[in-house]
Protein chains: 2
Amino acid sequence: MPKNIIPDSETRATAEHAKDLRLWLRMLACTNLIENHVRARLRSDFDITLPRFDLMSQLERSPQGLKMGELSKRMMVTGGNVTGITDQLVREGLVVREDSPKDRRAYIVKLTAEGRKSFRRMAEAHEGWMVALFSGMEERQRDELYDLLASLKTSAAKVAAKH
Amino acid sequence: MPKNIIPDSETRATAEHAKDLRLWLRMLACTNLIENHVRARLRSDFDITLPRFDLMSQLERSPQGLKMGELSKRMMVTGGNVTGITDQLVREGLVVREDSPKDRRAYIVKLTAEGRKSFRRMAEAHEGWMVALFSGMEERQRDELYDLLASLKTSAAKVAAKH
DNA sequence: GAAAATATTTCGAGCCTTAAAATATCAAAA
DNA sequence: TTTTGATATTTTAAGGCTCGAAATATTTTC
């Protein structure tokens with residue numbers, strides 16, 4: 001085996017770097033593929049946007065309702081943003097703002113009965129899309145992916161937190 | 001082992017469905033974490049947006065330049081969109097529109113010397129961010145993730161193509 | 001040539017996003 | 001109790017990305 005096919009340390013480092021980049025680009029491509037599919041189907045089948053769906057999904061997980069600020073934190077968007085999205089859902093009758101009995105500055109946002117019903121239908125469809133999208137992978141692979149993503153999340157969160 | 005801890009087929013199906021959903025939500029969380037980090041740093045360090053960076057990155061891979069329509073296809077966005085992003089990059093002197101000698105309807109978009117220089121600096125930083133973000137994973141894990149994502153991409157693309 | 005297809009741009013509209021200013025209220029210290 | 005500083009939310013202003021449809025210009029095809 002000739003010596004010159006063994007990469008020097010700089011070449012090796014660059015190759016490793018490029019690998020991380022490729023990994024990210026592939027991951028981004030996958031996510032965009034799925035996310036765009038979901039957006040398109042939410043719009044065509046239910047005439048709703050992903051942010052609105054996400055907000056409703058947060059509320060479904062918290063039947064006691066959430067304050068605007070809590071929604072903002074969980075959805076990782078600014079408060080003004082939540083105001084806008086909530087306004088629309090209120091207009092459509094899917095969500096209500098109730099005055100907080102504890103704090104008169106705050107609202108508590110809840111799903112209406114119609115909102116709950118509507119969300120359930122959407123969530124069911126959404127879950128079905130996911131099953132279809134992942135169906136080409138074996139269960140073992142999906143489990144493995146799930147675990148690796150946990151590791152990635154930890155790793156990335158540590159770095160992202162700094163800046 | 002009591003019989004009743006063996007889930008019936010419906011319960012099992014539902015559990016499997018929920019797993020796919022959780023997998024997706026975790027993947028989305030990871031991607032958003034990283035993507036937001038990248039957007040923020042591109043803005044704070046280089047005063048550029050991700051779509052603009054992406055367009056430049058396409059051009060760097062194609063030194064002979066690309067037509068607007070090719071950019072549109074590769075970036076998976078509409079033509080009108082590419083027009084807007086290109087306009088801004090032209091204004092900043094990072095990119096030029098040249099008339100195509102073959103087809104007078106078409107432009108060929110290329111990086112300027114300054115655009116190339118600027119992109120190289122950004123790409124280097126970008127790669128560094130990736131190395132950092134993935135550094136908490138072992139190399140074996142990153143390789144495994146890379147392979148699993150290939151499988152996912154195939155699976156999802158097949159489904160997404162239908163609609 | 002006329003008709004159909006292609007490459008882009010323009011226009012209108014919607015949404016998300018942020019940052020900063022304005023309100024209102026709460027909570028704690030003086 | 002009054003003041004002061006923090007908190008919860010909305011409003012406002014501006015910027016960007018995005019799409020889809022209509023408008024232009026040009027090429028290709030029949």
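Because the structure is a prediction, the values reported are computed rather than measured. All values below were derived from every heavy atom in this structure, side-chain atoms included, with hydrogens, water molecules and symmetry-related copies excluded. Reminder, nothing fancy here: chain letters follow the sequence lines and each chain counts from 1.
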#### Entry: Atom-to-atom span, CG of A/Leu71 to P of D/dT9 - whole angstrom
9 Å
### B/Leu59 vs B/Leu66 side-chain heavy atoms within contact, under 4.5 Å
yes
### Task
Tell me which residues in residues 51-70 of chain B put a heavy atom below 4.0 Å from DNA chain C, sorted by number, or none.
B/Lys67, B/Met68, B/Gly69
### Query
Taking atom P of C/dC15 as reference, at what distance in whole Å does atom CG of A/Asn36 sit?
17 Å
### Task
Between C/dC16, D/dT11, D/dG20, spot the one nearest the side chain of A/Ile85, thanks.
C/dC16
### Task
Validate the cation-pi geometry between A/Arg142 and A/Phe134: distance from NZ or CZ to the six-membered ring centre under 6.0 Å, angle to the ring axis within 45°.
no
#### Entry: B/Lys73 side chain near B/Leu71 side chain, heavy-atom distance below 4.5 Å
no
### Side chain B/Arg105 and base C/dT6 donor-acceptor under 3.5 Å
yes
### Query
CZ of B/Arg104 versus P of C/dT8: gap in Å, rounded?
15 Å
### Query
Within the pair B/Asn81 and D/dC17, is there a side-chain N or O less than 4.0 Å away from OP1 or OP2?
no
### Message
A side-chain contact here means heavy atoms from C-beta on lying under 4.5 Å apart; do A/Glu127 and A/Glu124 qualify?
### Response
no
### Message
What is the distance, to the nearest angstrom, from the CZ atom on B/Arg74 to the P atom on C/dA7?
### Response
14 Å
### Task
May I ask you to evaluate whether B/Gln88 reaches the phosphate of D/dG15, defined as a side-chain N or O under 4.0 Å from OP1 or OP2?
no
### Task
In sequence, state the C-alpha distance, the side-chain angles, and the governing distance for B/Ser100 and B/Arg104, and then conclude on side chain to side chain donor-acceptor pair (under 3.5 Å).
CA-CA 6 Å; B/Ser100 165; B/Arg104 289 199 311 200; over 6 Å; no
### Message
Using C1' atoms of five pairs at each end, report the bend of the helix from C/dG1-D/dC30 to C/dA30-D/dT1 rounded to 10 degrees.
### Response
10°
### Task
Measure centre to centre between the rings of B/Phe46 and B/Phe53, then say whether the value is under 6.0 Å.
no
### Query
When all nucleic acid strands are considered with a 4.0 Å heavy-atom cut-off, which category describes A/Val77: base, sugar-phosphate, or nothing?
sugar-phosphate
## Note on the structure
Atom CG of B/Asp103 and atom C1' of C/dT6 are separated, to the nearest Å, by 8 Å
### Message
Closest-nucleotide mapping onto DNA chain C: is A/Lys102 or A/Met76 further toward the 5' terminus? I mean the 5' end.
### Response
A/Met76
### Query
Does a side-chain heavy-atom distance below 4.5 Å link A/Met130 with A/His126?
yes
### Message
Counting only side-chain nitrogens and oxygens, does B/Thr78 get under 4.0 Å of the OP1 or OP2 atom of D/dT18?
### Response
no
### Query
Is any side-chain nitrogen or oxygen of B/Thr49 closer than 4.0 Å to OP1 or OP2 of D/dC17?
yes
### Task
With the side chain counted from C-beta on, respond yes when A/Arg97 and A/Met68 share a heavy-atom pair under 4.5 Å apart, and no when they do not.
yes
### Query
Does any non-hydrogen side-chain atom of B/Met56 lie less than 4.5 Å from one of B/Ile48?
yes
### Length of the CD1-P vector between B/Ile48 and D/dG15, whole Å
18 Å
### pair A/Arg120-A/Glu60: side-chain heavy atoms closer than 4.5 Å
yes
### Query
In whole angstrom, what separates A/Asp99's CG from D/dT10's P?
11 Å
### Query
Would one find a side-chain N or O of A/Arg97 under 4.0 angstrom from OP1 or OP2 of D/dT10?
yes
### Task
Report the distance from atom CD of B/Glu35 to atom P of D/dC17, rounded to the nearest whole Å.
13 Å
